Asks: 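Next up is a structure, given as C-alpha cells.
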Amino acid sequence: MGRQRPNLDRKTSKLCALWGKNNLKVYKPPMARAPAGNVHPGKRNGVRIVIAGDRGTGKSSLIVTAAADNFPVNVPPVLPPTRLPEDIYPDRVPTTIIDTSSRTEDSAKVAEELKRADVVVLTYACDQPQTLDRLSTFWLPKLRQLEVRVPVIAVGCKLDLRDENQQVSLEQVMSPIMQQFREIETCIECSAFKHIQISEVFYYAQKAVLHPTGPLFDQETQTLKPRCIRALKRIFILCDHNKDGALSDAELNDFQVKCFNAPLQPSEIVGVKRVVQEKLPEGVNDHGLTLTGFLFLHALFIEKGRLETTWTVLRKFGYNNDIKLSDELIPALGKRAPDQSVELTNEAIEFLRGIFELYDSDGNGALQPRDLEELFSTAPESPWNEAPYRDSAERNAMGGLSIDDFLSLWSLMTLLDPVYTIENLIYIGYTGDPASSVRITRKRRLDRKKQQLDRNVLQCFVFGPKKAGKSALLDAFLARPFSETYTPTTEERFAVNVVDQPGGTKKTLVLREIPEDGVKKLLSVKESLAACDIALFVHDSSDEASWKKSTDLLVEVASHGENTGYEVPCLIVAAKDDLDSFPSAIQDSTRVSQDMGIEAPIPINTKLGDFNNVFRRIASAAEHPHLSIPETEAGRSRKQYHKLINRSLMFVSVGAAVTIVGLAAYRVYLTRKNSSS
C-alpha cells in the first residue's frame, strides 16, 4: 500500500501505461532480469537500505530470502551488509541492505546506520500487534529525533502467521500512522517463508530513493508541488516549438521520443487527448494539449504511483532530485582574482531587454509583481523574493520595476552570485551559450594603475557609526521617502540603481551598507576590500562623537587596504546637514582631508532631499580611483622608508658599478704596462 490514491478508471489506467510506452519502468520479479544499458536515474552510485525493527519481526529472514531466494532455517542475529544484483530491478542501481541489531546495548550503532541510510525499512510482525504499535511509539519518533530525513517503508513480515480471525485491511491498519508520519512512503505486507512480496519490499525501497514522491507531490493537498509545476511548465514551453500555447500531435510525439525513445501512434495520441478532455475540458484545445492538460497528466501518473514517468521527463531535461537544473548544465566560471568581478555581457542585456518588453503586460514601461511572478514561473522560485534582492531596487507606487531597475537587479545578482544569474537566465529561456552571458572584469589594481575603469557595475561599501544616516542614504538612492523612525541595521543591506554620468554614460552603482558592528568581521578577511570600488564614510554632522567614530573607521579601512594591497578610494559624507554642525567640524574635517589626501566631506540632507549630487560623485570617484585613495600616517612612513631603502640600494649599485669599472680600467693599465716593459 502506498499513499491513498483515488480510484482510476480503465481509460486512465491505460493512459498511464501509454505515456512512455516501451520504456515505462514497471516492477519485474527477481528472476526476470532487466535489459542492459539503462542509465541510473539521478546518476546515483547506489542505494543504501537500512532495516530496523523490534526483535523477532523477521528482519534477517527478509534479507536472506531476498538475496538468496530461499527461506533460511537458521540466521545469525545480525547479517553483514548484503548487496543485491544490479539487474534485479529495472533501474539497475546497486543496492546494499544493512541489517541492524535489536539489542539495547547496540542502539548507538543502529543510530549511526540509520543516519547513513538512503531509505529506512521498518519491520513489524503481522502476528504480533504490539510490534506494529512500536512503529508509532518508538521507531518513527526515533528517526525524527535522529533527524533522519529519508523515505520510510513500513513492512509487515510473517504474513503467513497472522490469525485468520483477525483479518483487517492494510489500509485500515496503516492510514492513522501514515497521517501522523508523512515520511512513510509505502506500506507492504510480506512473508519470507511463503515468498510473498519479498522482492516488492526492496523494489519500493529503491523506488522511494530513485523516484521520490516528496519533491513532486504534496500528500496533504493531493496536488503537485509548486517547484514541480514550475519545472514541468518550463519543459512544456521548451517543447511548444511554435509557441501557440499547446503541444500539437507532432510536438507531443517529439516529446515522447526525447523522453522515452519511442514514438506514439496517431491513434494513441488521439486517445491521450480524449481522456484528458473527458476529465478536464480545458486540457485540450484546437491546437493540441494545453499546459493545464500536460500538468493534469503528470498528476495522474503520480497519483497512480507511476512516479518514474514524471522523473524520467524531469531528468531528460536536466533536473535533479531537488527539481533544479543539475550542476553539469550550469557552466562554471573561470578562475578570477579577488579584485575581479563579474558583469552581464551586452548579449545578455539585450536578451533581458527583450524579456522585459515581452512580460510588460500593460505596456506601461514597468514590470508589476504579477509580471515578475509570471517571468520567473519557470524557475524553481523567484530569485528576488528574498534578501538581499527583495528590497534593493527602486520600485514605483504599484511595486513595479522600470527597465533600469530590472537590469540593476540582474547586475546586483551577477555581482554577488554570477552562477545564480546564469542559472536563472537558463530558466527564463536564454538560448545563447550560458557561458557567454557574463564576463569577468579586469583586476581593480590594474584599473588603478592604468587610471581607467573596466567595469560598468561599481560597488560602494558604506561605513559609519549607528544613527549616522547610512540607511537613510540607501533609501534616498532608491527614491524612498525619508522616515523619522530609527531602525538599527543588523545585517548587510544592498541598494542598486543606475547613475547618469556626464556625457550621457550610465553606471550601475551598488551601495553595500556595513553595520558598525560588522566592520571587525569584514576586515578580518584579507581580501575583504578587493571587491570594493569605493568606500563611503557617513557621519552625523551635528554629532562630534559620530564624526570621530567615522574617522576611526576611515583610518581602520585605509590601513587594512595599505596592509593587504587592496587600497580603495574613499569619500566622506556629512549627513543631517539641516542640523547645526558641532563647533570644530570645519577645522577637523579640513585637517583629516588634507592629512589623508582625500576630498572634503560632502554635506547632504536626506530629510529635505538635498543630496548634493552625492551618487554621481561616488560613481565619478570610483571611475578615477587613483585620485581619492587615502594615505594614513603609518602608510606614509612605510612609503618613505621604502623610498629610502630603494635610494640606498641605488647608491650601492652605482658605487659597485664604479668600483667594477675602476678595477677593470686598472687591469687594462697593468696589462699595457707589463707589455711595454
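Because the structure is a prediction, the values reported are computed rather than measured. In this chain, numbering begins with 1 at the start of the sequence shown.
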Asks: So Glu183 and Arg149, do their side chains get closer than 4.5 Å, heavy atoms only?
Replies: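 Side chain of Arg149 against side chain of Glu183, heavy atoms only: no contact under 4.5 Å found.
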
Asks: Just by modelled atom types, is the Gly288 backbone N or O under 3.5 Å from a matching donor or acceptor in the Thr290 side chain?
Replies: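 Here the side-chain-to-backbone pair does not exist.
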
Asks: Can we say Arg315 and Glu328 salt-bridge, meaning some charged N sits less than 4.0 Å from an Asp/Glu carboxylate O?
Replies: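 Not counted as a salt bridge, because no side-chain N and carboxylate O are separated by less than 4.0 Å.
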
Asks: Rounded to the nearest 0.5 Å, how far does CH2 of Trp410 lie from CG of Leu425?
Replies: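 Here the interatomic distance stands at 4.5 Å.
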
Asks: Tell me, do Ile428 and Tyr359 make a side-chain contact under 4.5 Å, heavy atoms counted?
Replies: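 When only atoms from C-beta onward are counted, Tyr359 and Ile428 do not touch, as no gap falls below 4.5 Å.
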
Asks: Within a reach of under 6.0 Å around CD of Glu386, are more than 12 heavy atoms found that belong to other residues, nucleotides or ligands?
Replies: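 Open.
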
Asks: Can you confirm whether Leu84 sits close enough to Phe202 that some side-chain heavy atom of one is under 4.5 Å from a side-chain heavy atom of the other?
Replies: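 Yes, close enough: below the 4.5 Å cut-off.
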
Asks: Which value, rounded to the nearest 0.5 Å, describes the distance between Arg116 atom CZ and Ile98 atom CD1?
Replies: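 Taking CZ in Arg116 and CD1 in Ile98, the distance rounds to 7.0 Å.
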
Asks: Identify the two heavy atoms, one from Pro388 and one from Leu412, that lie closest to each other, and give their separation to 0.1 Å.
Replies: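 Minimum heavy-atom contact is O-CD2, 4.4 Å.
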
Asks: To the nearest 0.5 angstrom, please state how far the CG atom of Leu224 sits from the NE2 atom of His298.
Replies: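 Leu224 atom CG to His298 atom NE2 measures 9.0 Å (nearest 0.5 Å).
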
Asks: Quick one: does Asn253's side chain get under 4.5 Å of Pro263's, heavy atoms only?
Replies: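 Touching, per the 4.5 Å side-chain cut-off.
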
Asks: Lys233: what forms a side-chain hydrogen bond (donor to acceptor under 3.5 Å, both in side chains) with it, not counting sequence neighbours?
Replies: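 Here the qualifying residues are Glu374, Ser377.
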
Asks: Tell me, do Cys190 and Cys157 make a side-chain contact under 4.5 Å, heavy atoms counted?
Replies: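 Answer yes - side chains close enough.
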
Asks: More than 12 foreign heavy atoms under 6.0 Å from CD of Glu105: is that the case here?
Replies: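 Result for CD/Glu105: enclosed.
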
Asks: How many angstroms lie between CG in Leu522 and CZ in Arg512, if you round to the nearest 0.5 Å?
Replies: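 Answer for the CG-CZ pair, Leu522 versus Arg512, is 6.0 Å.
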
Asks: Using modelled atom types and a 3.5 Å cut-off, is there a donor and acceptor pairing between side-chain atoms of Asp322 and backbone atoms of Lys324?
Replies: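 Judged by distance alone, no pair lies under 3.5 Å.
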
Asks: So which atom in Pro212 and which in Leu307 form the shortest heavy-atom distance, rounded to 0.1 Å?
Replies: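 So the minimum-distance heavy-atom pair works out to O-CD2, 3.5 Å.
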
Asks: Do Asp99 and Ser60 meet the criterion of a side-chain donor-acceptor pair at a distance under 3.5 Å?
Replies: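 Per modelled atom types, Asp99 and Ser60 side chains form a pair under 3.5 Å.
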
Asks: Starting from the C-alpha separation in whole Å, work towards a yes-or-no answer on salt bridge (Lys or Arg N to Asp or Glu O under 4.0 Å) for Arg230 and Glu373.
Replies: CA-CA 11 Å; Arg230 288 167 171 262; Glu373 182 55 40; 2.5 Å; yes

Asks: Check this for me, if you would: do Arg134 and Asp54 make a salt bridge, where the nitrogen-to-carboxylate-oxygen distance has to be below 4.0 angstrom?
Replies: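 Yes, this pair counts.
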
Asks: State whether a side-chain donor-acceptor pair under 3.5 Å links Ser102 with Lys59.
Replies: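 There is such a pair (donor and acceptor under 3.5 Å, judged by atom type) between the side chains of Ser102 and Lys59.
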
Asks: So with a 6.0 Å cut-off around CZ of Phe494, is the heavy-atom count from everything else above 12?
Replies: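 Result for CZ/Phe494: enclosed.
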
Asks: Does a side-chain heavy-atom distance below 4.5 Å link Pro215 with Arg227?
Replies: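 Pro215 does not reach Arg227 side chain to side chain.
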
Asks: Relative to the ring of Tyr427, is the ring of Tyr319 parallel (under 30°), tilted (30 to 60°) or perpendicular (over 60°)?
Replies: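 Geometry flag for Tyr427 against Tyr319: parallel rings.
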
Asks: Counting C-beta onward and ignoring hydrogens, is there a side-chain heavy-atom pair between Trp311 and Phe301 closer than 4.5 Å?
Replies: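 No - every pair of side-chain heavy atoms lies 4.5 Å or more apart.
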
Asks: Do the ring planes of Tyr89 and Tyr203 sit parallel (below 30°), tilted (30 to 60°) or perpendicular (above 60°)?
Replies: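 Correct class here is tilted.
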
Asks: Looking only at the side chains, is there a donor atom on one of Thr100 and Glu113 sitting less than 3.5 Å from an acceptor on the other?
Replies: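 Judged by distance alone, the side chains do not pair up.
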
Asks: May I ask you to say whether Asp106 pairs ionically with Arg103, meaning some side-chain N is under 4.0 Å from a carboxylate O?
Replies: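 Looking at Asp106 and Arg103, the cut-off is met.
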
Asks: Quick one: CG on Leu122 to OG1 on Thr131, what's the gap to the nearest 0.5 Å?
Replies: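 That separation rounds to 11.5 Å.
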
Asks: Pairing donors with acceptors under 3.5 angstrom, does anything connect the side chains of Glu185 and Thr213?
Replies: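 Judged by distance alone, the side chains do pair up.
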
Asks: What do the steps show when you test Phe71 against Ser61 for side chain to side chain contact (heavy atoms under 4.5 Å, CB included), and what is the final call?
Replies: CA-CA 7 Å; Phe71 179 75; Ser61 296; 4.1 Å; yes

Asks: Just by distance, with hydrogens left out, do Tyr124 and Gln128 show a side-chain donor and acceptor under 3.5 Å apart?
Replies: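 Tyr124 vs Gln128: no donor-acceptor pair found between side chains.
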
Asks: Using distance alone, with no hydrogens and no angle criterion, decide if Glu171 and Ser169 have a side-chain donor and acceptor under 3.5 Å apart.
Replies: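 No.
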
Asks: Does Gln197 reach the main-chain N or O of Glu189 with its side chain, forming a donor-acceptor pair under 3.5 Å?
Replies: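 Confirmed, Gln197 side chain pairs with Glu189 backbone.
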
Asks: Is the shortest heavy-atom distance from the side chain of Thr65 to the side chain of Pro72 under 4.5 Å?
Replies: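 They are in side-chain contact.
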
Asks: If only side-chain N and O atoms count, and only distance matters, is there a donor-acceptor pair under 3.5 Å linking Glu282 with Thr292?
Replies: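 The answer is no; no qualifying pair exists.
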
Asks: What distance separates Ile184 CD1 from Met174 CE, expressed to the nearest 0.5 Å?
Replies: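 Here the rounded value is 4.5 Å.
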
Asks: If you take all heavy atoms of Cys187 and Leu170, which pair is closest and at what distance?
Replies: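 Closest approach of Cys187 to Leu170, heavy atoms only: O-CD2, 3.6 Å.
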
